[in-house]
Amino acid sequence: MWSQMFNVKHTPFPMNQSTLHNSYPTQYDVIVVGAGHAGCEAALACARMGHPTLLLTIALEAVARMSCNPAVGGLAKGQLVKEIDALGGEMAKNTDETGIQFRRLNAKKGPAVRSSRAQSDMQLYHLRMKKILERQENLFLRQAMVDDLIIRNGKAEGVVTDIAESFHSQAVVLTPGTFLRGLVHIGLKNFPAGRLGDLPSAKLSETLLRIGFSMGRLKTGTCPRLDGRTIDFSGLEEQWGDQPPKPFSFSHRKIPLRQVPCHITYTNSRTHEAIRQGLDRSPLYSGVIRGTGARYCPSIEDKIVRFSEKGQHQIFLEPMGLDTLEIYPNGLATSLPMDIQVRMLRSIPGLEKVEIIRPGYAIEYDYADPIQLKPSLETKLVENLFFAGQINGTSGYEEAGAQGLMAGINAVLKIRGEEPFILRRDEAYIGVLIDDLVTKGTKEPYRMFTSRAEYRLLLREDNADLRLREKGRALGLVGDRDYQEFALKREKIQATMERLSRTVIHPSAGVNDRLGELGSSPIKNPVSLSELLRRPEISFRLLSFFAPDLASTAAEVAEEVEIQVKYEGYLRRQEEQVDKMRKLDQMKISPTLDYASISGLSTEVKEKLTRVKPVSIGQAARISGITPAALSVLMIHLRKAHHLQADNYL
């Protein structure tokens with residue numbers, strides 16, 4: 001369908017024409033195309049694992065640019081950033097060094113849904129990441145636009161730029177973001193761009209189609225940027241971050257930059273009427289935009305149409321840096337024409353005289369159906385070619401960074417001839433993200449939610465290092481100092497858990513009086529501090545009334561111990577569920593299995609299994625439309641045909 005839309009004829013693989021190109025003399029192990037959040041993590045991972053890596057980008061001035069909101073993290077996204085950090089990635093460190101407001105969301109709710117979010121200084125974020133890239137051993141940066149891939153015998157061996165220069169490598173990681181045939185929309189005006197002010201990449205899309213990849217179109221958007229001098233903040237509600245701000249990275253103890261507030265305002269009936277009057281010139285509602293937009297992050301015009309019963313929508317006025325007056329009005333993503341954007345903005349309290357510095361806009365771009373990927377993010381069609389980020393249909397810096405890290409790691413492992421690094425759904429949100437993409441695919445921009453993780457109580461922010469630090473160390477991505485600090489923290493958690501189990505308090509007038517003061521019932525028999533901590537009204541901090549030396553326990557140790565003790569029963573039940581699913585995931589399926597030959601499966605099920613080519617029974621069970629009955633038929637066939645590569649059956 002997509003090939004017909006683009007009117008491009010498929011051939012099995014592009015013809016190798018490297019002899020027509022000027023071949024660059026340096027041979028690299030990995031080439032990473034694109035220096036957004038995915039590309040930066042991919043390139044750093046490859047270089048830190050000891051492999052010469054070339055990072056190619058259209059504009060070095062735009063490395064790690066925060067194209068939309070100058071913020072990192074958020075619900076479920078914060079978990080991804082913590083996991084990137086635990087594995088040895090850079091996003092959390094970069095956020096801490098450039099962050100100007102930090103908040104922990106859902107702090108009063110259960111630990112499974114608590115997430116961190118930080119506002120960053122947009123320019124400093126870019127500059128620091130560029131500095132890290134430039135100083136990384138084994139990593140080389142080059143400004144170039146990639147038009148073509150060098151493929152021999154079904155394997156990626158390099159890239160060709162728009163000036164006919166070829167670069168050679170053993171693996172290629174594509175992270176082109178929104179640049180593949182990017183088309184910017186402002187009202188009924190549209191023009192090719194990777195983002196506002198940047199050139200798009202057209203020929204690389206044609207290359208992927210020519211190879212045979214199934215491609216589609218997605219749409220995202222961003223808010224206008226405002227001149228802070230023209231905003232009246234005096235009547236608006238201030239929103240400060242947490243004090244003290246809590247760093248994202250497990251390696252950091254404090255935040256270096258001055259913290260600043262955001263301000264809150266609201267749309268109103270005048271705003272909504274201005275928007276409605278511009279819908280006839282909205283590219284979204286006039287049929288100009290054909291790409292699918294993000295359901296969970298709608299434009300302001302989409303909100304007004306879909307939620308017409310709401311009288312107002314909250315807007316956060318977020319500073320884009322310490323040394324700029326530019327303001328990001330979070331909640332006002334739009335592609336309306338400029339005159340409507342002005343009318344809309346000036347109807348909002350505090351923005352009556354506002355001036356726009358940059359317009360809001362929508363952008364359409366190509367993506368590749370992620371079902372065409374293996375769980376390692378290597379493409380099924382071309383060996384040693386990896387995709388990461390928005391090319392896989394995701395939205396968000398955090399989802400991109402997580403994929404980039406995993407693609408970089410697996411590109412290195414592939415050229416070493418080692419097994420791929422795959423995180424299970426019970427090990428990390430990263431595992432949930434990638435499994436969702438390669439198993440179910442996506443028809444709309446995919447973003448992470450805590451609800452997507454069935455084992456989210458196990459996958460908390462606070463324990464990301466306990467889950468993943470050892471893995472990052474084994475891969476060579478976690479340095480000595482970070483690992484030693486982690487090991488010490490882990491030892492302290494274990495020692496504190498043992499201390500609470502050993503320490504017993506006995507019923508007495510003094511003890512029971514103190515419990516009464518804390519709002520807790522008296523004890524009639526001796527109880528350990530662990531048992532006492534299981535009471536909802538007793539926090540770890542309150543245990544110091546009975547064991548004063550516990551007051552000196554480090555905050556991150558206290559938090560982890562309290563969660564493990566209070567949620568022990570729930571954690572055990574989730575681990576039992578994990579054990580059952582793990583058995584299914586351990587039942588590997590041969591990649592050569594012919595599903596069309598299996599009697600008892602419907603045509604639809606055969607088509608889905610053939611398309612996804614699940615690597616295990618567990619992955620097959622997660623494919624949409626694969627019923628328990630179909631799974632049973634599949635397992636019986638595999639057992640008879642000896643296609644299951646494991647001896648355990650359920």
Side-chain angles (χ1 to χ4, degrees), residues 65-71 177-200 216-227 267 270-308 310 313-318 320 326-348 351 354-367 390 393-397 443-447:
R65 176 172 288 175
M66 307 185 92
S67 307
C68 192
N69 188 11
T178 61
F179 281 67
L180 293 180
R181 288 203 319 126
L183 188 66
V184 163
H185 297 267
I186 303 174
L188 300 182
K189 172 72 174 177
N190 57 67
F191 48 89
R195 57 188 161 221
L196 197 62
D198 289 328
L199 293 171
R217 292 287 274 179
L218 294 178
K219 167 258 176 187
T220 188
T222 189
C223 303
R225 273 58 162 185
L226 312 178
D227 185 342
T267 65
R270 290 173 53 233
T271 313
H272 300 180
E273 182 57 29
I275 292 169
R276 291 190 189 98
Q277 290 179 6
L279 291 179
D280 62 329
R281 291 184 289 143
S282 162
L284 190 63
Y285 284 94
S286 62
V288 175
I289 291 178
R290 297 185 179 183
T292 304
R295 192 184 350 163
Y296 305 104
C297 189
S299 64
I300 187 63
E301 52 265 41
D302 213 11
K303 292 178 187 177
I304 301 309
V305 173
R306 288 167 54 189
F307 309 109
S308 57
K310 291 198 68 172
H313 294 276
Q314 193 173 51
I315 307 299
F316 293 88
L317 301 178
E318 301 173 340
M320 298 187 68
E326 207 167 337
I327 299 294
Y328 183 90
N330 194 350
L332 282 176
T334 184
S335 57
L336 289 165
M338 282 304 298
D339 60 309
I340 300 298
Q341 290 193 35
V342 172
R343 286 178 55 198
M344 170 187 74
L345 286 163
R346 291 184 176 178
S347 69
I348 297 172
L351 307 182
V354 75
E355 294 289 342
I356 297 175
I357 292 178
R358 312 183 205 194
Y361 64 92
I363 182 168
E364 285 184 285
Y365 56 94
D366 290 351
Y367 82 108
Q390 285 175 288
T394 59
S395 68
Y397 310 146
K443 300 296 183 185
E444 62 181 353
Y446 177 104
R447 67 164 292 174

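What you see is a predicted model; the values in this text were computed from it and never measured. Each residue takes its place number in the sequence, starting with 1.
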Enquirer: What pair of heavy atoms forms the shortest contact from Gly194 to Thr178, and how long is it?
Expert: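 In this case the closest contact between Gly194 and Thr178 is O-OG1, 2.7 Å.
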
Enquirer: Can Ile304 and His313 be said to form a side chain to side chain contact (heavy atoms under 4.5 Å, CB included), step by step?
Expert: CA-CA 9 Å; Ile304 301 309; His313 294 276; 3.8 Å; yes

Enquirer: Of the non-hydrogen atoms in Leu183 and Pro192, which two are nearest, and what is the gap between them?
Expert: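 Scanning both residues, the minimum pair turns out to be CD1-N, 3.7 Å.
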
Enquirer: Verify side chain to side chain contact (heavy atoms under 4.5 Å, CB included) between Glu318 and Ile327, making sure each step is shown before the conclusion.
Expert: CA-CA 6 Å; Glu318 301 173 340; Ile327 299 294; 5.8 Å; no

Enquirer: With respect to Asp366, which candidate in Lys219, Arg290, Arg181 satisfies the salt bridge (charged side-chain N to carboxylate O under 4.0 Å, His left out) definition?
Expert: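 It is Arg181, the one option of Lys219, Arg290, Arg181 that forms the salt bridge (charged side-chain N to carboxylate O under 4.0 Å, His left out) with Asp366.
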
Enquirer: Among residues at least two apart in sequence or on other chains, which ones pass side chain to side chain contact (heavy atoms under 4.5 Å, CB included) with Val288?
Expert: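 Val288: side chain to side chain contact (heavy atoms under 4.5 Å, CB included) contacts with His185, Leu188, Asn190, Pro283, Ser286.
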
Enquirer: Please name all residues satisfying side-chain hydrogen bond (donor to acceptor under 3.5 Å, both in side chains) with Thr267, sequence neighbours left out, ordered by chain then number.
Expert: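 So Thr267 forms a side-chain hydrogen bond (donor to acceptor under 3.5 Å, both in side chains) with His272.
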
Enquirer: Once you round to the nearest 0.5 Å, how far does OG1 of Thr271 lie from CE of Met344?
Expert: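 Reported value, rounded in 0.5 Å steps: 8.0 Å.
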
Enquirer: Taking C-beta and beyond as the side chain, do Gln341 and Pro359 meet within less than 4.5 Å on heavy atoms?
Expert: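 Yes. Closest side-chain heavy atoms under 4.5 Å.
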
Enquirer: Out of curiosity, Met338 CE to Ile356 CD1, how far, rounded to the nearest 0.5 Å?
Expert: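 Nearest 0.5 Å value for the CE-CD1 distance: 4.0 Å.
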
Enquirer: What pair of heavy atoms forms the shortest contact from Pro329 to Pro224, and how long is it?
Expert: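 Answer, listing the atom of Pro329 first, then Pro224: CD-O, 2.8 Å.
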
Enquirer: Does either side chain, that of Asp302 or that of Tyr285, offer a donor lying less than 3.5 Å from an acceptor on the other one?
Expert: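 The criterion, which ignores hydrogens and geometry beyond distance, is satisfied for Tyr285 and Asp302.
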
Enquirer: Does Leu218 offer a backbone N or O that forms a donor-acceptor pair with the side chain of Glu364 under 3.5 Å?
Expert: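 No, Glu364 side chain to Leu218 backbone: no donor-acceptor pair under 3.5 Å.
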
Enquirer: Are the side chain of Arg346 and the backbone N or O of Val354 linked by a donor-acceptor pair below 3.5 Å?
Expert: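 A pair under 3.5 Å: yes.
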
Enquirer: Specify the closest pair of heavy atoms between Pro70 and Met320, including all atoms of both residues, with the distance to one decimal.
Expert: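 Scanning both residues, the minimum pair turns out to be CG-CG, 4.0 Å.
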
Enquirer: Test side chain to side chain contact (heavy atoms under 4.5 Å, CB included) on Ile275 and Arg343; report intermediate values, then the result.
Expert: CA-CA 8 Å; Ile275 292 169; Arg343 286 178 55 198; over 6 Å; no

Enquirer: Check step by step if side chain to side chain contact (heavy atoms under 4.5 Å, CB included) holds for Lys189 and Val184.
Expert: CA-CA 8 Å; Lys189 172 72 174 177; Val184 163; over 6 Å; no

Enquirer: What residues, two or more places apart in sequence or in another chain, satisfy side chain to side chain contact (heavy atoms under 4.5 Å, CB included) together with Cys297?
Expert: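 Side chain to side chain contact (heavy atoms under 4.5 Å, CB included) list for Cys297, sorted by chain: Ala294.
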
Enquirer: Enter the distance from Leu180:CG to Arg217:CZ here, rounded to the nearest 0.5 Å.
Expert: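 Reported value, rounded in 0.5 Å steps: 9.0 Å.
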
Enquirer: Taking the side chain as every heavy atom from C-beta outward, state whether Leu279 and Ile340 have any atom pair closer than 4.5 Å.
Expert: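 No - every pair of side-chain heavy atoms lies 4.5 Å or more apart.
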
Enquirer: Measure the CD-CD1 distance between Gln390 and Ile363 for me, rounded to the nearest 0.5 Å.
Expert: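 Answer for the CD-CD1 pair, Gln390 versus Ile363, is 8.5 Å.
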
Enquirer: Hey, could you give me the CG/SG distance between Leu345 and Cys223, rounded to the nearest 0.5 Å?
Expert: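 SG of Cys223 is found 9.5 Å from CG of Leu345.
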
Enquirer: Return the set of residues passing side-chain hydrogen bond (donor to acceptor under 3.5 Å, both in side chains) with Ser335 (not counting sequence neighbours), or none when no residue passes.
Expert: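 Partners of Ser335 by the side-chain hydrogen bond (donor to acceptor under 3.5 Å, both in side chains) criterion, ordered by chain and then number, come out as Glu301.
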
Enquirer: Minimum heavy-atom separation for Phe191 to Leu196, with atom names?
Expert: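 Answer, listing the atom of Phe191 first, then Leu196: CZ-CD1, 3.6 Å.
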
Enquirer: Which heavy-atom pair separates Ser299 from Leu284 by the least distance, and what is that distance?
Expert: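 Residues Ser299 and Leu284, closest heavy atoms: OG-CD2, 3.6 Å.
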
Enquirer: Kindly write out the residues that satisfy side chain to side chain contact (heavy atoms under 4.5 Å, CB included) with Thr222, not counting sequence neighbours, or none if the list is empty.
Expert: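 For Thr222, the residues satisfying side chain to side chain contact (heavy atoms under 4.5 Å, CB included) (neighbours in sequence not counted) are Cys68, Arg225, Tyr328, Tyr361.
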
Enquirer: For the pair Thr334 (side chain) and Gly360 (backbone), establish whether a donor and an acceptor sit closer than 3.5 Å, ignoring hydrogens and angles.
Expert: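 No; zero donor-acceptor contacts below 3.5 Å.
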
Enquirer: So, does Lys303 use its side chain to make a donor-acceptor pair with the main chain of Gly331 at under 3.5 Å?
Expert: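 Checking the backbone N and O of Gly331 against the side chain of Lys303, a donor-acceptor pair under 3.5 Å is found.
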
Enquirer: Mind checking what makes side chain to side chain contact (heavy atoms under 4.5 Å, CB included) contact with Ser395, not counting sequence neighbours?
Expert: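 If we apply the side chain to side chain contact (heavy atoms under 4.5 Å, CB included) test to Ser395, skipping adjacent residues, the hits are Pro445, Arg447.
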
Enquirer: Output the distance between atom CD1 (Ile315) and atom CD1 (Ile300), rounded to the nearest 0.5 Å.
Expert: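 Answer for the CD1-CD1 pair, Ile315 versus Ile300, is 5.0 Å.
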
Enquirer: Any donor-acceptor pair under 3.5 Å linking the side chain of Tyr365 with the backbone of Gly291?
Expert: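 No; zero donor-acceptor contacts below 3.5 Å.
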
